[in-house]
Amino acid sequence: MLAVGSPFASVRTSSSCNALLRELQQIWNDIGESEADKDRMLLELERECLEVYRRRVEEAVNAKARLHQSVASKEAEVATLMAALGELSSSSQVEKRSKTLKEKLASVTPLVEELKTKKEERLKQFADIKVQIEKIGVEISGYSNHLNDHTIINTLTLEETDLSLRKLNEYQTHLRTLQKEKSDRLHKVLEHVSEVHSLCGVLGVDFGQTVSDVHPSLERTSVEQATNISNSTLEGLEHTIRTLKAERKTRIQKLKDILTSLFELWNLMDSSHDEKSKFSRITSIVRVPETEVTEPGLLSTETIEQASAEVERLTKLKAGRMKQLVMKRRSELEEICRMTHIEADPSTASEKSNALIDSGLVDPSELLANIEVQIVKVKEEATSRRDIMDRIDRWLSACEEENWLEEYNQDENRYNAGRGSHVNLKRAERARVTVSKISAIVDNLINRTLAWEDEKKTMFLYDGARLVTILEDYKLSRQHREEEKKRHRDQKKLQDILLTEKEAMYGSKPSPRKSNSFRKTNGYRANGNGSMTPMRRRNSVGGATPELLTPRSYSGRQNGYFKEMRRLSTTPLNFVAMSKDDTMSYASMYGSEPGSPPRS
């Protein structure tokens, strides 16, 4: 079949029309129509043909317009979908590929369907993300807005115009942020719940009821179900933890107070190990910090009541043994005073306390409380005296070194090469250094003691005597001792002079020390005819030297101290024994016996 617009179709149509026209004219001739009628009917025929062509053209124009409108509508829809999806437009490519409207429409229609399908998928992605965002937002805020998934999808379809990948990535980023916040909050809630569980266990409190007061979902055993992570839940858990910690601190302090009383009663009553072991579980609380008290039920009301009941039991038992306890605590007080060189209060002395208790004039509990107060007071005073007591020990140690050095200097065989002699030599050197510091130690100790007395507004007593007085007396006795040493040195020089003059007058004689018989240490010496006569004792530094009064020798002797000083100042020092000739020579030169002061 030939195309409608081809030349062959036009020729065929024209020949057909001419044949029909000739046939019509022949019919008209046969009928006998006039020329006018023939012209009129030909004109009508021509007019009808034009009307048919016109109608056909109008229909074609309308069809073209409809096709054009459809193509334009499809292209507009494509543009809208492409804009919504954030993709580049491809209408120019469609125009290049297509020439006619039907071809354009045929090429645009599948593209529209494809974009619609992609939009539906994109809408579903947005809806899923928004559903998750909405749910997490509800969990975080704690207030439900009662929106279901269908409502969210409808809202998204009506309101969402930007379905691009960029917008989808923004929603996904926001969703990941909320998911991380949800995870952090869930982790925090679980930590708080775990801490509440631990505190409730220690305090013996119902965990389920405690967390239910915060939020009912927290009581469920399944971790997945404990999903309430709202701010109100977190704040409620934090407030609960603070409350439980405050309660724990209060109970710990209460239990420590009870344990303090319990320890005192155990010590007073000499409780057995079996009685103490019953409470070994709670006594550990004294040694551990508050945060490490985690044993379940350790701070429960039942445990505290048991400890309180034990204190009450021992308190009642103590009342029957009060006299024995008073004597025991008094002995402890006296022992503390002895160790710290403090005079114990005589008002609670053992004999006096015993008599008062037997007479019924004093309540034993009050007497025991008084002794407890005295013990506390003595301990506090011992703490304030510690620095001075350390210096006293240093002073006494130096005095002991001085005594050892004097005994060492008295030993005539100290330089003999023997076992341990080098050790003694080294010790003697150290002792001399220590002894040289005694004066400074005493002066510093006096200054410290006076400063302590000024601060405390009371005297520093050492075994009942004022320490400053002891130190001053010690300095005085030390001064007398130094004077005695000087007198000894002067007399020694005088002896040497006498011996030199005697040798010059009578000639030298064999030294008695060269004879073994003259080295007797039994208190006798040899005379001229070889017999042994009693030897006068030497009053040297290492011998019967005047005693240095220290706190160890001072107690109980302070009343007779000055009498002792006067005696020491007038005692003759006979350092070596003299013969009768020596004595006469001494008297003729100085007018006095050896040991008495020379006449001026």
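Note that the numbering runs from 1 along the sequence shown for the chain. Bear in mind that the values here come from a model prediction, so they are computed numbers and not experimental data.
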Please confirm whether the backbone N or O of D393 pairs with a side-chain atom of S397, one donor and one acceptor, at under 3.5 Å?
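No, S397 side chain to D393 backbone: no donor-acceptor pair under 3.5 Å.
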Please confirm whether the backbone N or O of Q209 pairs with a side-chain atom of S212, one donor and one acceptor, at under 3.5 Å?
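Judged by distance alone, no pair lies under 3.5 Å.
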The single option from D443, D454, D387 passing salt bridge (Lys or Arg N to Asp or Glu O under 4.0 Å) against R448:
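For R448, the salt bridge (Lys or Arg N to Asp or Glu O under 4.0 Å) check succeeds only for D387.
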Tell me, with the steps shown, if E407 and N403 meet side-chain hydrogen bond (donor to acceptor under 3.5 Å, both in side chains).
CA-CA 6 Å; E407 293 177 359; N403 292 335; over 6 Å; no
Would you tell me whether [X] and [Y] have side-chain atoms, one donor and one acceptor, within less than 3.5 Å of each other?
X: S277; Y: S280; result: no
X: S272; Y: D274; result: no
X: D257; Y: Q253; result: yes
X: N370; Y: E366; result: no
X: R330; Y: T348; result: yes

Is there a side-chain contact between [X] and [Y] in this structure, where contact means two heavy atoms from C-beta onward sitting under 4.5 Å apart?
X: R489; Y: K486; result: yes
X: M327; Y: S353; result: yes
X: P296; Y: V202; result: no
X: E195; Y: K245; result: yes
X: D345; Y: I371; result: no
X: R430; Y: K426; result: yes
X: M389; Y: I342; result: no
X: R478; Y: E402; result: yes

Is the NZ or CZ atom of R385 positioned over F460's six-membered ring, under 6.0 angstrom from the centre and within 45° of the axis?
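Yes, a cation-pi geometry.
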Which atoms form the tightest heavy-atom contact between [X] and [Y], and what is the distance?
X: I438; Y: C399; result: CD1-N, 4.4 Å
X: I375; Y: I336; result: CG2-CD1, 4.0 Å
X: V214; Y: L237; result: CG1-N, 3.8 Å
X: W266; Y: E275; result: CZ2-O, 4.3 Å
X: K352; Y: P346; result: CD-O, 3.9 Å
X: R466; Y: L450; result: NH2-CD2, 3.8 Å

E290 vs K249, test: salt bridge (Lys or Arg N to Asp or Glu O under 4.0 Å). Steps then yes/no.
CA-CA 7 Å; E290 178 181 335; K249 184 176 183 179; 5.4 Å; no
Please lay out, stage by stage, how L199 and F207 fare under the test side-chain contact (heavy atoms from CB on, under 4.5 Å).
CA-CA 9 Å; L199 290 171; F207 167 72; over 6 Å; no
Any Lys/Arg nitrogen of [X] or [Y] sitting under 4.0 Å from an Asp/Glu carboxylate oxygen of the other?
X: R427; Y: E401; result: yes
X: E191; Y: K188; result: no
X: E484; Y: R481; result: no
X: K475; Y: E472; result: no
X: R487; Y: E482; result: no
X: R281; Y: E295; result: yes
X: E335; Y: R338; result: yes
X: E247; Y: R251; result: yes
X: R394; Y: D390; result: no

Just verifying a value: how many Å separate [X] [atom1] and [Y] [atom2], rounded to the nearest 0.5 Å?
X: D496; Y: Q491; atom1: CG; atom2: CD; result: 12.0 Å
X: L467; Y: T449; atom1: CG; atom2: OG1; result: 4.0 Å
X: N354; Y: L367; atom1: CG; atom2: CG; result: 10.0 Å
X: R391; Y: N444; atom1: CZ; atom2: CG; result: 5.0 Å
X: T243; Y: L203; atom1: OG1; atom2: CG; result: 11.0 Å
X: L333; Y: E372; atom1: CG; atom2: CD; result: 9.5 Å

With a sphere of 6.0 Å drawn around NZ of K437, does it hold more than 12 non-hydrogen atoms of other residues, nucleotides or ligands?
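Open: at most 12 neighbouring heavy atoms sit under 6.0 Å from NZ of K437.
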Walk me through whether S365 and L368 qualify under side-chain contact (heavy atoms from CB on, under 4.5 Å).
CA-CA 5 Å; S365 299; L368 182 61; 5.7 Å; no
Go through the steps for E334 and S350 under the test side-chain contact (heavy atoms from CB on, under 4.5 Å), then give the verdict.
CA-CA 10 Å; E334 292 175 352; S350 300; 3.7 Å; yes
Working for side-chain contact (heavy atoms from CB on, under 4.5 Å), residues L244 and R248
CA-CA 6 Å; L244 292 175; R248 179 181 67 180; over 6 Å; no
